[in-house]
J.: 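So that we are looking at the same thing, I have put the structure below in structure tokens.
Counting starts at 1 for both ligands and their atoms, in listed order. Everything numeric here is computed off the predicted structure, so don't read it as measured data. These values consider heavy atoms only, across backbone and side chains, with no hydrogens, waters or symmetry-generated copies.
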Amino acid sequence: MTELVRFGVSLENQLLQRFDARLKEKQYTNRSEAIRDLIREDLVKKEWQENKEVTGAITLIYNHQKRQLLNRLMDVQHDYHDNILSTQHIHLDDYNCLEIIAVKGRPRQIEELYGKLKSAKGVKHGCFAASTTGRRVI
Ligand code: NI
């Protein structure tokens with residue numbers, strides 16, 4: 001089991017009050033877990049900056065009736081098959097599709113893949129959640 005250490009932090013009262021208010025909004029029940037998450041977020045950001053192997057999820061919303069768009073999205077995904085772990089396609093209604101693409105690899109390649117998918121003509125919305133393989137984050 002990982003050893004836990006305690007440490008003291010000095011900061012302005014007003015800053016702590018604001019921090020506590022944010023914790024409440026974000027549903028944290030104690031400061032320790034919130035501080036751990038801030039540290040983890042910073043470590044994940046560093047993995048992206050240092051071009052380590054990372055993971056993430058690409059979300060796209062598009063109209064499946066645009067056949068050229070479907071071909072384009074498929075071509076791009078085949079070009080990056082080494083980076084794609086899985087693709088989930090959900091038919092939202094008669095026209096709109098939600099696609100969630102789980103990705104893994106080097107940040108440059110993941111960003112390139114996301115850029116090509118999001119910028120495809122006819123994609124209504126795209127967003128990306130950057131994450132980690134979990135190996136360098138405790
Ligand atoms: Ni669909």
Side-chain angles (χ1 to χ4, degrees):
M1 202 177 137
T2 315
E3 185 197 0
L4 287 179
V5 289
R6 285 177 179 274
F7 65 98
V9 178
S10 304
L11 72 161
E12 290 74 10
N13 187 31
Q14 214 179 6
L15 194 57
L16 182 61
Q17 282 175 18
R18 287 190 185 168
F19 186 60
D20 284 344
R22 286 291 293 145
L23 300 194
K24 213 172 167 186
E25 287 169 10
K26 293 171 151 187
Q27 310 300 320
Y28 283 100
T29 53
N30 66 72
R31 288 178 188 148
S32 293
E33 192 53 31
I35 290 168
R36 283 184 206 113
D37 274 358
L38 285 175
I39 295 169
R40 290 182 191 118
E41 277 166 31
D42 183 67
L43 291 173
V44 172
K45 200 184 281 182
K46 190 174 154 67
E47 288 182 5
W48 279 80
Q49 286 164 352
E50 293 183 347
N51 205 30
K52 306 283 189 199
E53 188 177 53
V54 292
T55 67
I58 296 170
T59 303
L60 302 172
I61 302 289
Y62 60 87
N63 182 337
H64 80 275
Q65 289 183 315
K66 301 192 172 183
R67 298 293 162 187
Q68 276 186 324
L69 171 62
L70 277 186
N71 285 337
R72 172 70 184 148
L73 295 179
M74 204 56 70
D75 285 347
V76 172
Q77 291 193 47
H78 276 273
D79 287 345
Y80 289 83
H81 63 87
D82 284 340
N83 298 114
I84 296 178
L85 299 170
S86 79
T87 302
Q88 186 178 18
H89 184 107
I90 296 124
H91 313 302
L92 293 174
D93 56 31
D94 289 347
Y95 310 103
N96 292 297
C97 303
L98 161 64
E99 204 157 290
I100 303 164
I101 305 163
V103 294
K104 183 177 169 183
R106 300 285 166 183
R108 308 290 172 271
Q109 279 177 301
I110 302 295
E111 282 163 1
E112 203 176 84
L113 166 61
Y114 174 54
K116 287 182 181 179
L117 293 171
K118 187 186 163 102
S119 66
K121 195 168 176 261
V123 171
K124 293 183 178 182
H125 185 255
C127 64
F128 180 67
S131 196
T132 173
T133 61
R135 289 196 297 266
R136 284 172 294 271
V137 179
I138 297 149

J.: Within the 4.5 Å heavy-atom criterion, are V103 and Y80 side-chain neighbours or not?
T.: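 The answer is no, as the side chains (C-beta and beyond) never meet within the 4.5 Å cut-off.
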J.: Ion pair present between K45 and D42, side-chain N to carboxylate O less than 4.0 angstrom?
T.: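 D42 and K45: not salt-bridged.
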J.: When you measure from the Ni ion (ligand 1) to each N, O or S atom of H91, which atom gives the shortest distance?
T.: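 Of the nitrogen, oxygen and sulfur atoms in H91, the Ni ion (ligand 1) lies nearest to ND1.
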J.: Hey, is there an N, O or S on H64 sitting under 2.8 Å from the Ni ion (ligand 1)?
T.: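 No N, O or S atom of H64 is closer than 2.8 Å to the Ni ion (ligand 1), so no.
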J.: What heavy-atom pair brings R108 and Q49 nearest, and what distance separates the two atoms?
T.: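 Smallest heavy-atom distance, with atoms named: NH2-O, 3.7 Å.
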J.: Of all N, O or S atoms in H89, which has the smallest distance to the Ni ion (ligand 1)?
T.: NE2
J.: List the atom of A120, the atom of L69, and the distance in Å for their closest heavy-atom pair.
T.: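 The answer is CB-CD1, 3.7 Å.
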